[in-house]
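Accompanying notes for the structure given below.
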Amino acid sequence: MTIQLETTPENSLNPRFVSLSFLLPPKLTGQYTNHITTQSHKKMKAALLNPPSSLSNPSSSTRHTIRPTRSPSRISFSTSAASSTSISFSSSPAPKPIVIVGSANADIYVEIDRLPLEGETISARSGRTLPGGKGANQAFCSGRLSLSDHATYMVGRVGSDAHGRLLEDSLGEGNAVRLDRLTRADSVPTGHAVVMLQPNGQNSIIIVGGANMNGWDDKLTEEDLDVVRGAGMLLLQREIPDWVNLQVAQAAKAAGVPVIMDAGGMDAPIPSELISLVDIFSPNETELARLTGMPTDTFEQISQAATKCHKLGVKQVLVKLGSQGSALFIEGEDTIRQPIIPASEVIDTTGAGDTFTAAFAVALVEGKPKAECLRFAAAAASLCVQVKGAMPSMPHRNSVIKLLQSIQ
């Protein structure tokens, strides 16, 4: 499959034609882990997970009581550290940082009218390279939404190449993200992805793991683990090796640090040892179906699948439901539902799930009630889909609060 695109470099009036081939050379297939995901406006980015063979349907159906969110009488979020007197938790000390351990990719965007057929070459309307990757997206979003600078750490691996420098520069914008533990791997290139964006906002993505999958040493350094131990919240995804996630989750658990895992990423079962260390597991309905082997076409089915996750040891399951909003299933408690906050225009859904997860984490580490965390996350995701690109679409804190105030 090949796409030909016309792209004009910065500070140049001369277009270049670039062909992107999705048939990798044989010597690369052994180095990189490639995943394909497809997402739409109705469903946020879905990276399908193969169901573990050991899982079986629950012997009995557990019914969750739904507690819808209510619009707060006032917004308890502060827009800046200087105005912290307006926060409902202003007497509390500043929250510990959010630490994201995950992937960093260079996203190669191509805008197309339709996907090419097998063996077909088509021309793209435009193309450009932007920073991305689920880990980097969540770190950048957390940095923009947090009350103060340096409230977010990114632990990851990039290559010693132009794409790696692009990610370092982008993540370091505004000093919002600490990059002490974003390490260069000399032997492998930076991970990258080809994002094929269609006019209706649907996109298909091919990911090449690069340093994300092959740039880690066999054992994480104490410096990496110390950052995790000092966190207020740890965010994980599945675009890095499971053994890396396992090491940092074990360190977090031993230090009493809550762990949120986004299910998006590699198309493989999640090891039971890893998922048992997760405090909040966040799949979309497609990922939830793959993990549990259960249908998720209706809310009742989604509720039953969440109950199955509880039996795996995850007490809280935060399900992203696309156009239906989100739902937080807490074992032994009422389910909290949050509808979407409609966007004025949907341009690109890439990064919407990462924005939602990061915004939820920011609100949670600040001590907000979970219903308010869901509402904050919904507002952030609504703003995200109105801008092209993953990391460039991550909203600022002021914008999210302004949107929340406008819909009270």
- Look at atom CD of Glu273 and say whether more than 12 heavy atoms of other residues, nucleotides or ligands are closer to it than 6.0 Å. no
- Query: Under the criterion side chain to side chain donor-acceptor pair (under 3.5 Å), which of Thr190, Asn212, Asn137 is the partner of Asn105?
  - Reply: Asn212
- Query: Among side-chain atoms of Arg128 and Tyr109, is any donor-acceptor pair under 3.5 angstrom?
  - Reply: no
Let me check something: any side-chain donor-acceptor pairs from residues 356-363 under 3.5 Å, sequence neighbours excluded? List them with distances.
from: Thr357; atom 1: OG1; to: Asp262; atom 2: OD2; distance (Å): 3.2
from: Thr357; atom 1: OG1; to: Gly353; atom 2: O; distance (Å): 3.0

- Asp348-Thr350 side chain donor-acceptor pair, cut-off 3.5 Å: yes
- Look only at the side chain of Glu173 and the backbone of Asp169, and say whether a donor-acceptor pair between them is shorter than 3.5 Å. no
- Query: Side chains of Gln237 and Gln138: donor-acceptor distance under 3.5 Å anywhere?
  - Reply: yes
- Strictly by modelled atom types, are Glu111 and Ser126 linked by a side-chain donor-acceptor pair under 3.5 Å? yes
- Message: As an exercise, state the distance from CG of Leu171 to CG of Leu179, rounded to the nearest 0.5 Å.
- Response: 5.5 Å
- Item | CD1-CG distance between Ile122 and Leu117, expressed to the nearest 0.5 angstrom | 8.5 Å
- Heavy atoms from other residues, nucleotides or ligands near NZ of Lys253 exceed 12 (cutoff 6.0 Å): yes
- Task: Examine the side chains of Thr296 and Glu285 and answer whether a donor and an acceptor come within less than 3.5 Å of each other.
- Result: no
- Query: For the atom pair CZ (Arg397) and SG (Cys141), what is the distance rounded to the nearest 0.5 Å?
  - Reply: 11.5 Å
- Item | Approximate separation, where rounding is to 0.5 Å, of Met294 CE and Ser303 OG | 9.0 Å
- Query: Just by distance, with hydrogens left out, do Ser282 and Lys320 show a side-chain donor and acceptor under 3.5 Å apart?
  - Reply: yes
- Inter-residue atom distance Leu167.CG - Arg165.CZ, 0.5 Å rounding: 11.5 Å
- Query: About how many Å separate CG of Asp242 and CG of Leu274, when rounded to the nearest 0.5 Å?
  - Reply: 6.0 Å
